[in-house]
Amino acid sequence: MIRACSVSELPEGEALRLEGPVPVSVFHSEGGYYALDDTCSHQDASLADGWIEGCFVECPLHAARFDLRTGVPDCLPAKNAVRTYPVVVADGVIYVDTGAQRDVA
């Protein structure tokens with residue numbers, strides 16, 4: 001697991017990008033924390049720079065929306081899902097388990 005940030009550093013409605021071999025975005029939405037691949041599956045854009053509404057993030061480039069819980073897009077132009085990752089909050093710190101990625105069909 002990798003440390004993302006403290007709970008106080010990620011207010012609800014915000015996201016952050018974790019750099020790495022595969023960048024990961026961490027989102028705080030609707031009282032929960034979610035992590036998924038940061039790069040939109042339609043075109044190279046950071047989802048952490050997108051707009052969060054409910055349990056969805058809208059890509060800032062072409063307005064594709066992804067479900068934060070599943071990584072599945074709910075509208076075009078994106079057709080392919082992005083991977084999601086388990087998030088754990090312990091002692092006020094948010095961790096992402098990048099070794100336990102969840103591939104979607």
Once you round to the nearest 0.5 Å, how far does CZ of Arg83 lie from CG of Asp38?
12.0 Å
Of all heavy-atom pairs between Tyr85 and Val24, which one has the smallest distance, and what is that distance?
CE1-CG2, 3.9 Å
For the side chain of Asp67 and the backbone of Arg69, is there at least one donor-acceptor N/O pair under 3.5 Å apart?
yes
Counting C-beta onward and ignoring hydrogens, is there a side-chain heavy-atom pair between Val93 and Arg3 closer than 4.5 Å?
yes
Taking all non-hydrogen atoms of both residues into account, name the closest pair between Phe27 and Ala15 and its distance.
CD2-CB, 3.4 Å
Decide whether Val82 and Phe56 are clustered together by the hydrophobic rule: side chain heavy atoms of Ile, Leu, Val, Met, Phe, Trp, Tyr closer than 4.5 Å, transitively.
no
Could you walk me through whether Asn80 and Ser41 pass the side chain to side chain donor-acceptor pair (under 3.5 Å) check?
CA-CA 6 Å; Asn80 298 318; Ser41 63; 5.3 Å; no
Same apolar cluster: Val22 and Val87, side chain cutoff 4.5 Å
yes
Heavy-atom closest contact (His42 atom, Ala78 atom, distance):
CB-CA, 3.9 Å
Considering the options Ile94, Asp97, Val96, which one meets the side chain to side chain contact (heavy atoms under 4.5 Å, CB included) requirement together with Ile2?
Val96
Closest non-hydrogen atoms of Arg17 and Pro23, given as atom of the first, atom of the second and distance, are NH2-CG, 3.2 Å
Rounding to 0.5 Å, atoms CD (Glu9) and OG (Ser6) come to a distance of 3.5 Å
Between Ala4 and Leu18, what is the shortest heavy-atom contact and its length?
CA-CD2, 3.9 Å
Indicate yes or no: at least one non-hydrogen side-chain atom of Phe66 is less than 4.5 angstrom from one of Leu47.
yes
Over all heavy atoms of both residues, which pair between Leu10 and Cys5 is shortest? Give the atoms and the distance, please.
CB-SG, 3.9 Å
Is it true that atom CD of Glu53 has more than 12 heavy atoms of other residues, nucleotides or ligands lying nearer than 6.0 Å?
no
Working to the nearest 0.5 Å, report the span between CZ of Arg65 and CH2 of Trp51.
12.5 Å
Contact between Val7 and Val89 at the side-chain level, heavy atoms closer than 4.5 Å - yes or no?
yes
Here the gap from Ile52 atom CD1 to His28 atom NE2, rounded to the nearest 0.5 Å, amounts to 9.5 Å
Between OH on residue Tyr34 and SG on residue Cys55, distance to nearest 0.5 Å:
3.5 Å
Straight-line distance of Glu12 CD to Glu30 CD, nearest 0.5 Å
7.5 Å
